[in-house]
Amino acid sequence: MWITNSVTPSNSNMSHTPHEASLQPLPPIGFEGHGMGDTSTDISVLSIKTIGNDHSSTDPVPPAPVDASNQSGEQEKPAASLFMNDGRRRVDYVLVYNVDDDEEEENKKHKWRAHFEDQLKKESLELEVETKQFDIIPQLSVSGLLGKLCSSKQHDKDKKIYYVKVHAPWDVLAKYAEATSMKMPLAENDMHKKFESCWSKCPTPFDFDESILPTVPDFFTAPFTRSRTDQFIIQDKETFFTPAQRSLLTYQVLSRAIFEDLGDPAKNKFGITNLLNNGTYDAAFPLHEGEYYSDYSILASGAQNQRHLLYETWAKPGAWYKFQPLDHIRLYFGEKISIYFTWLGYYTGVLIPAGLVGLAVFIYGLARMPFNEASNDICSEKGPGNWTMCPLCDGRCEYWRLKSSCIYSRATYLFDNEATVAFAGFMALWSTAFHELWKRRAAEIEYDWDVADFEEEETIRPEYEASVRRRKPNPVTQQTEGSYREEEERDEPYMSYSSKICRIVSSLWVVLFMLCVVCAAVFGVIVYRMTVSAVLYAVDQATIKQRAGILTSISAALINLVIIILLGKIYELIAKLLTNFETHRTLTEWEDSFTLKMFLFQFVNHFASLFYIAFFKGKLVGRPGAYNRQINASRQEECDPSGCLIELCIQLAIIMLGKQSFNNFKEIILPKLLNWFKSRKVKEAEEKKHEHVSQWEKDFAMSSMPDLGLFDEYLEMVIQYGFVTIFVAAFPLAPLCALLNNIIEIRLDAYKFVTQWRRPLAMKAQDIGIWFGILQGISTVAVMSNAAIIAFTSEFIPKLVYQYSYSENNNLDGYLNFSLSVFNVADFEKDSIPSKYDKAEFGNVTQCRYRDYRSPPDAAKPYESTLEYWHILTARLAFILVFVILVWLLSWLIGYIVPDMPRSVKLQMLREKYLAKEALLKSEEFLVGIKFKGAKPDQDSNGIQNTSQPFY
C-alpha cells in the first residue's frame with residue numbers, strides 16, 4: 001500500500017473525483033489555490049496573506065521589494081528576508097559563523113568550512129553569504145551571557161558575523177524526497193465528509209471561526225517518485241514542497257556532507273552537527289515565517305504569516321481554552337512536534353474527569369473529618385488524647401501526649417478514607433481507558449499525517465552509516481540503500497547481532513551502577529532524616545518538638561529535590577555517551593534507547609524516596625525494648641500514630657510541584673531573559689542604522705531548541721503521570737494539580753516554540769515512541785502500588801477489620817486502644833530511656849503506648865504479635881489480591897471492548913487499496929502507450945532515463 005491520508009478532514013468546496021484530479025490538479029497539502037473557498041482571503045503555507053482577485057497565478061510568490069514610505073511595506077519586509085537576494089529563491093537553511101580570535105584555531109575552522117561548503121555545492125545546493133556587523137549577540141549559555149554582561153569588550157564591536165544562506169533547488173529536493181520516501185499530495189480525499197457527525201458541525205466556544213483558522217485541505221498521498229511527477233499535484237515546483245519540508249530535505253544534505261576527508265569513510269568527519277559542536281559554525285537553523293505579532297487585529301486583517309496565525313490561535317495566553325490547531329502545527333513544525341502536542345492535549349483532556357473525581361474525594365474527606373471517631377479520640381483532652389506515648393528517639397526525646405498528633409490525624413483523614421479506595425480503583429481503570437483511547441487517536445494521526453510506515457521507511461543515521469564498516473544487501477529490497485549519492489553503489493551498513501548484544505550489555509552495567517548511586521543518595525537522605533529528627537526532638541522548645549516530624553519531612557524533601565536535579569544532569573551526559581556507543585541504526589532506535597536509560601534513572605531518582613516512605617518507613621523499626629539499630633547504629637524512623645500517609649503526601653507534593661516550577665522557570669523565564677537581552681541589541685541595531693534587520697538576524701538572536709529536542713518535555717509529563725497514578729491513593733488532588741499545570745504547560749510550550757526559540761527542524765515521527773510502553777509499565781506498577789498503599793500504609797484495612805470483627809457497635813469507638821500497644825518503661829534499653837521529661841505533666845511514668853499490635857507486658861508471652869496482628873495481615877494480603885485481580889480483569893475488558901483503530905480509518909484504508917489498483921492500471925496503460933509510440937520501455941515520454949520502479 002502506497003497511498004496514505006495526510007491531514008484531517010477539510011471543508012473545502014472542491015468535489016473532484018480522483019479521475020478528475022488527474023485532469024484538474026488539486027492544490028497540495030497546505031498550498032494556496034484560488035477557488036477553494038467563497039472568501040478572498042485564503043491561507044498560503046509560504047506566507048499567510050490576503051490574496052487578490054488576480055487568477056493569473058495560483059501559487060504564492062515572494063513579495064517584491066516595497067518602498068519604505070509605503071504603509072503596507074512594513075508588513076511585507078519580513079517576508080522579503082525569507083528569500084535570497086534575487087527575491088525568487090527561498091532560503092531553506094541558514095548557517096552562521098564568525099572569525100575566531102585564535103589564528104591557528106581559525107585556520108582549522110576555515111579549512112573545515114571551505115571543504116564543507118564545497119561539498120554542499122557538489123550536491124547542487126546554492127549558497128549566498130552575507131556579512132553583518134557584530135551587533136547581535138549569538139546564542140549563549142547562562143554563564144556566557146553573564147560574562148558578556150560583565151565584560152563587554154570593545155573589539156567585539158569590530159567583529160563580523162557571516163550568514164550563509166542555503167537554497168535547495170528542485171532537483172535536490174526531488175532527489176532527497178524520493179530517497180526518504182516523503183509522501184506528497186496525489187488526490188483529494190473524497191471520504192472525509194462521510195464520517196462527519198452532527199456534533200462535529202456544532203459550533204463551540206473552544207473552536208476558532210474558519211475565517212480566522214482555515215481548515216487544512218485533505219489529500220491522499222503517495223511516496224514521491226521523480227519518474228512519476230505527472231501523477232502528483234504540482235502547480236509550481238518552487239512551492240510544491242512546504243517550507244518545513246524544504247528545510248528537512250536540505251538538512252539531509254547538511255547532515256551528510258564531509259568537512260574533513262581522512263581517506264577512510266569510517267573515519268571521515270562529517271555533518272553540520274559536528275561542526276556546531278566544535279564551534280566551526282555558531283548556529284544552523286531554518287527561518288521563521290516572519291514576525292509572530294502584528295499591529296493589526298487578526299480579525300480585521302487576517303494572519304500575516306503562518307507564525308502569526310499560530311501565535312494568535314495557539315500560543316497567545318488568551319487562547320488557553322481553545323482547541324489546538326494541530327494540522328497547522330504540523331505544517332509549521334513537522335509531525336514530531338505536533339504528535340507531542342497532540343498527546344499532551346489528549347492527556348490533559350482525560351485528566352479532567354480524574355481531577356474532578358479527586359477533588360470530590362478531597363471534599364468528601366473534608367466534610368467527614370469532624371465526624372471521624374479516631375481523629376476525635378486523638379484530639380480529646382481527657383480521653384485517649386491524654387495517653388502517654390513512648391519517646392520517638394533515643395535518650396534526648398521525651399514522653400509525649402497523643403493529642404499532640406491531632407493536626408496530623410485530621411490532615412491524614414482528608415486522604416485516608418473509604419472514598420480513597422474507590423478513587424484508587426477508578427484511577428487504575430482510568431489509566432487503562434487512557435491507553436486504549438490514545439491508541440485509537442494515535443491510529444488516526446498516523447494515518448492522517450502519513451507516518452504509519454515511517455519507522456519501516458526511516459533512513460539510516462549518518463553516524464551509523466559512517467562508523468559501521470560491514471556491509472550487506474538490504475534483506476527486504478535486496479538492493480542498495482546505504483547511500484544518498486546515486487553515483488555510489490554499495491551495500492547498506494550492517495552490525496552483527498553479537499556486536500549489538502556486547503554493546504548493550506556493556507552499557508547496561510553502567511546503567512546499573514548509576515542506579516546504585518541513586519539508591520545510595522536516597523540512603524543518605526534516610527540517614528539525614530534519622531539524624532535531624534533526633535536533633536529536633538532534643539530541642540527544648542515545645543513548638544519545635546511537636547513539629548519535628550513535619551520539619552524533617554519538608555527539609556528532606558527539599559534536599560531530595562536538589563539531588564534529583566543534580567543527578568539528572570550528570571546522568572544525562574552519561575546516557576548520551578552510552579547510547580552513542582551502542583551505535584543505533586536509525587534516529588528512532590537511538591531515541592528509544594536513550595529514553596529507556598534516562599527514564600529508568602529518573603524513575604528511581606524521583607520515586608525512591610516515595611517508595612521508602614510508603615512501604616518501609618516505620619515497618620522495620622522494631623518495638624520499645626528491642627529496636628532495630630542496623631542502620632548507622634541508630635533507631636529507625638517511626639510513623640506518627642495516625643500513619644505515614646501525611647508524610648508521603650507532603651513528600652509527593654513538594655517533589656511534584658517543585659519539579660514543575662523548576663522546569664517552567666528553565667523553559668520559559670530563562671530563555672525569555674536571554675531573548676530579551678539579545679532582542680534589545682536587535683532594536684538598537686535597527687534604530688542606529690535606520691534599516692530593517694533581516695529575518696535570519698532576528699532568528700540568530702533567539703534561543704535554540706535543546707539538543708535533546710522533546711525528550712525533556714516528554715520526561716516531565718511521564719514523571720508527572722507517575723505521580724498521578726502510582727501514589728494517587730496518598731494524594732487524590734494530584735490529578736487536579738496535574739490538570740492545572742498542563743493547561744498552563746501547553747500554552748507555555750506553544751509560546752516557547754513560536755516566540756522564544758528558533759524554528760526547529762520539522763522532523764518526522766510515527767508516534768510517541770517508547771514512551772507509550774513506559775506509560776503502560778507505570779500503570780501496571782500503579783495498580784500494585786496503590787493496592788499496597790491502601791493495605792499497608794493507610795489505616796483503611798485495620799479500621800475495617802476492627803469495625804466488623806472486634807467492635808461491639810460496628811463503629812470505630814475504641815479503635816485507638818485496639819491499635820496502640822502498652823509498654824512497661826522498666827523494660828527500656830539503656831539508650832532508649834529519656835534523659836529528662838516534664839514530671840509535673842507526666843508524673844511517675846510506668847507505662848507508655850506505641851503503634852503496634854503486640855501483647856501487654858503482663859501476658860504469658862509479652863510483646864509478641866497478637867492474633868489481631870495476623871488477622872489484619874491476612875486481610876491486607878487478601879485486599880491486594882482481590883484489588884489487583886479485579887482491576888486487571890476490568891482493564892482487560894476495556895481493552896477488549898475498545899478497538900485500536902476507528903472504523904473510519906479502516907474504511908479509508910480500503911479506499912486507498914482501491915486507488916492503488918487504479919494507479920497500477922494507469923501506470924501499465926502509460927507504459928504500454930509509450931511502447932506503441934516507439935519509445936524505449938526504460939524511458940519516459942521526454943526521453944529521460946527511467947530507473948525507478950512503478951508504485952507497485
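As a basis for the values below, the full set of heavy atoms in this structure was taken, side chains included, without hydrogen atoms, waters or symmetry mates.
From Met763, atom CE reaches atom CG of Leu710 across 10.5 Å, with rounding to the nearest 0.5 Å. Rounding to the nearest 0.5 Å places CZ of Phe611 at 9.0 Å from CZ of Phe616. For the atom pair CH2 of Trp449 and CD1 of Ile339, the computed distance is 6.5 Å after rounding to the nearest 0.5 Å. Taken from CD1 in Ile768 to CD1 in Ile445, the straight-line distance is 9.0 Å, to the nearest 0.5 Å. Note that the CZ atom of Phe727 and the CG atom of Leu610 stand 4.5 Å from one another [nearest 0.5 Å]. Atoms CD and CG, from Gln245 and Asp92 in turn, are 11.5 Å apart once rounded to the nearest 0.5 Å.
Side-chain atoms of Ser779 come within 3.5 Å of backbone N or O of Leu775 as a donor-acceptor pair. Between the side chain of Asn107 and the main chain of Glu103, a donor-acceptor pair closer than 3.5 Å is present. In this structure, Arg758 contributes its side chain and Ser704 its backbone to no donor-acceptor pair below 3.5 Å. For Asn278 (side chain) and Asn274 (main-chain N/O), a donor-acceptor pair under 3.5 Å exists by modelled atom type. Remark: the backbone N or O of Glu335 is paired with a side-chain donor or acceptor of Ser338 at under 3.5 angstrom. Under the 3.5 Å distance criterion, the side-chain polar atoms of Glu589 are matched with a main-chain donor or acceptor of Arg585. Looking at Gln324, its side chain does come within 3.5 Å of a backbone N or O of Phe341 through a donor-acceptor pair. Side chain of Arg307 to main chain of Val754: a donor-acceptor pair is present (N/O by atom type, distance under 3.5 Å, no hydrogens or angles). Under the 3.5 Å distance criterion, the side-chain polar atoms of His115 are matched with a main-chain donor or acceptor of Ile258. Between the side chain of Ser593 and the backbone N or O of Trp590 there is no donor-acceptor pair closer than 3.5 Å.
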Evaluation steps, side-chain contact (heavy atoms from CB on, under 4.5 Å), between Leu310 and Tyr292: CA-CA 8 Å; Leu310 287 177; Tyr292 68 86; over 6 Å; no
side-chain contact (heavy atoms from CB on, under 4.5 Å) assessment of Phe603 paired with Val518: CA-CA 10 Å; Phe603 182 83; Val518 176; over 6 Å; no
Chi angles and distances behind the side-chain contact (heavy atoms from CB on, under 4.5 Å) call for Lys165, Leu287: CA-CA 10 Å; Lys165 298 177 287 183; Leu287 292 176; over 6 Å; no
Salt bridge (Lys or Arg N to Asp or Glu O under 4.0 Å) between Lys597 and Glu572, intermediate numbers included: CA-CA 9 Å; Lys597 293 183 186 66; Glu572 182 179 304; over 6 Å; no
Test side-chain contact (heavy atoms from CB on, under 4.5 Å) applied to Phe434 and Tyr346, step by step: CA-CA 9 Å; Phe434 168 54; Tyr346 199 83; 4.0 Å; yes
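When ring centroids are compared, Trp757 and Phe753 come within the 6.0 Å threshold. Ring-centre distance between Phe259 and Phe270: not below the 6.0 Å cut-off.
When all heavy atoms of Ala257 and Leu120 are compared, the closest pair comes out as CB-CD2, 3.8 Å. Closest heavy-atom contact between Leu515 and Leu600: CD2-O, 3.6 Å. Across all their heavy atoms, Ala284 and Leu276 have their closest contact at N-CD2, 3.9 Å. Nearest heavy atom pair, residue Ala738 against residue Val724, reads CB-CG2, 3.6 Å. Nearest heavy-atom pair, Leu739 versus Leu351, reported as atom, atom and distance to 0.1 Å: N-CD1, 3.9 Å. Of all non-hydrogen atoms in Pro735 and Phe731, the two that sit nearest each other are CD-O, 4.3 Å.
Taking the six-membered ring where tryptophan is involved, the planes of Phe601 and Tyr571 are essentially parallel, since the angle between them stays under 30° and well short of 60°. Note: Phe285 and Phe700 have parallel aromatic rings, judged against thresholds of 30 and 60 degrees for the angle between ring planes.
Residues Gln695 and Asp699 bring a donor and an acceptor atom of their side chains to less than 3.5 Å of each other. A donor-acceptor pair shorter than 3.5 Å can be found between the side chains of Tyr176 and Glu123. Using a 3.5 Å distance cut-off with no hydrogens or angles, the side chains of Tyr332 and His288 do pair a donor with an acceptor. With hydrogens and angles left out, the side-chain atoms of Tyr528 and Ser555 include a donor and acceptor closer than 3.5 Å. Checked by atom type, the side-chain pair Tyr340/Asp749 shows a donor-acceptor distance below 3.5 Å.
Looking at Thr273 and Ser255, their side chains never come closer than 4.5 Å, going by heavy atoms from C-beta outward. Taking the side chain as every heavy atom from C-beta outward, Ile774 and Val718 approach each other to under 4.5 Å. Considering only heavy atoms from C-beta on, Phe615 comes within 4.5 Å of Ser785 through its side chain. Side-chain contact check for Phe711 versus Glu591: every heavy-atom pair is 4.5 Å or farther apart. Here the side chains of Tyr93 and Leu125 are not in contact, with every heavy-atom distance at 4.5 Å or above. Put simply, the side chain of Tyr347 reaches to within 4.5 Å of the side chain of Gln720, judged on heavy atoms. In this structure, the side chains of Pro760 and Ile337 come closer than 4.5 Å at one or more pairs of heavy atoms. Using a 4.5 Å heavy-atom cutoff, the side chains of Leu248 and Met182 are in contact.
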Do any side-chain atoms of residues 501-511 form donor-acceptor pairs under 3.5 angstrom with protein atoms, and if so which ones, sequence neighbours left out?
from   : atom 1 : to     : atom 2 : distance (Å)
Arg503 : NH1    : Phe581 : O      : 2.5
Arg503 : NH1    : Thr583 : OG1    : 3.2
Ser506 : OG     : Cys502 : O      : 2.7
Ser507 : OG     : Arg503 : O      : 3.4
Ser507 : OG     : Ile504 : O      : 2.8
Ser507 : OG     : Glu582 : OE2    : 2.6

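In this structure, Arg113 satisfies the cation-pi test against Tyr97, with its NZ or CZ atom closer than 6.0 Å to the six-membered ring centre and inside 45 degrees of the ring normal.
Comment: Glu106 does not engage Lys111 in a salt bridge, judged by the lack of any side-chain N to carboxylate O separation of less than 4.0 angstrom.
For the side-chain hydrogen bond (donor to acceptor under 3.5 Å, both in side chains) criterion with Lys109, the lone passing option out of Asp102, Thr280, Asp100 is Asp100.
Counting non-hydrogen atoms of other residues, nucleotides and ligands closer than 6.0 Å to CE of Met784 gives a total of 12 or fewer.
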